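Before any comments, here is the structure.
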Amino acid sequence: MRINVRFIIALVASLFILVGCASLSPPPQPQNQTQTTEKRVVNLSSIKNWELKGLIAVRANKSAWSANWQWQQTQKNYTISLIGPLGSNSLKLTGAPNQVLLETSDGKKLTSTSPESLLEQQLGWQLPVSNLYYWIRGLPVPNTPAQKHYDAFNHLTDLSQDGWTIQYLRYTSINHIDVPNKIYLANTKMNVKIVINQWQF
């Protein structure tokens, strides 16, 4: 019987990821204090610098892809690292206004003014990085039409914007501000699941 080595490696790596997630301390629960929508928007908009770590899974074009990820944001500059099992298919996206660099694990370096175009060029699908700057904090993109729904505590729970539907499945409390830590995004071509195990700001 022929053994598929790649399958075994991927399976073992997935088990390590699952075990690692299970061993993490439970995230702080959201404060669940009723605040006005405007107050939550002010609090979330005040977060300009952050570092987050977690897992991301993408399903598009009848294919699936998952990775550990890390996002460091300093004002308008960011570095997003996507690391596949055992370091395979790793990507690093470094961005500033009107300038983006994509580096791959095999040494390729690609530049553009748009992170979405770089990811589509390399992976065949677009992760909405520009909008995620807002969505990751639980904010709609300003000055863009949107449909919004909130829970009893005025946490954003559902958002439809720019051709995407975003569901905020869970929040955590960091520095007395409730931020999302489980998000599901979908459009007609793909869906994205995001889990954030660590928020710092």
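Keep in mind the model is a prediction, meaning the values are calculated, not measured.
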[X] with [Y], same ILVMFWY side-chain cluster at under 4.5 Å:
X: Leu101; Y: Val129; answer: no
X: Tyr184; Y: Tyr150; answer: no
X: Tyr133; Y: Val42; answer: no

Which word best sums up how the rings of Phe201 and Trp199 line up, parallel for under 30°, tilted for 30 to 60°, or perpendicular for over 60°?
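Plane angle over 60°, so perpendicular.
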
For the side chain of [X] and the backbone of [Y], is there at least one donor-acceptor N/O pair under 3.5 Å apart?
X: Asn187; Y: Gly163; answer: no
X: Lys189; Y: Ala186; answer: no
X: Ser112; Y: Ser117; answer: no
X: Asp151; Y: Phe153; answer: yes
X: Gln198; Y: Gln200; answer: no
X: Asp178; Y: Tyr171; answer: no

Taking atom types as modelled and ignoring hydrogens, do the side chains of [X] and [Y] form a donor-acceptor contact shorter than 3.5 angstrom?
X: Trp50; Y: Gln72; result: no
X: Arg59; Y: Asn191; result: no
X: Ser160; Y: Thr165; result: no
X: Asp106; Y: Thr104; result: yes

Is a salt bridge present between Lys148 and Asp158, judged by a nitrogen-to-oxygen distance below 4.0 Å?
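Looking at Lys148 and Asp158, the cut-off is not met.
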
Does [X] reach the side chain of [Y], with side-chain heavy atoms less than 4.5 Å apart?
X: Gln122; Y: Lys108; result: yes
X: Ile136; Y: Ile183; result: yes
X: Ile56; Y: Val192; result: yes

From OG (Ser66) to CG (Leu55), nearest 0.5 Å
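If we round to the nearest 0.5 Å, Ser66:OG and Leu55:CG are 8.0 Å apart.
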
Tell me the closest heavy-atom pair linking Leu93 and Pro115, and the distance in Å.
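Nearest heavy atoms, Leu93 then Pro115: CD2-CB, 3.7 Å.
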
How far apart are the closest heavy atoms of Gln126 and Glu116, and which atoms are they?
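Heavy-atom minimum between the residues: CG-O, 3.6 Å.
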
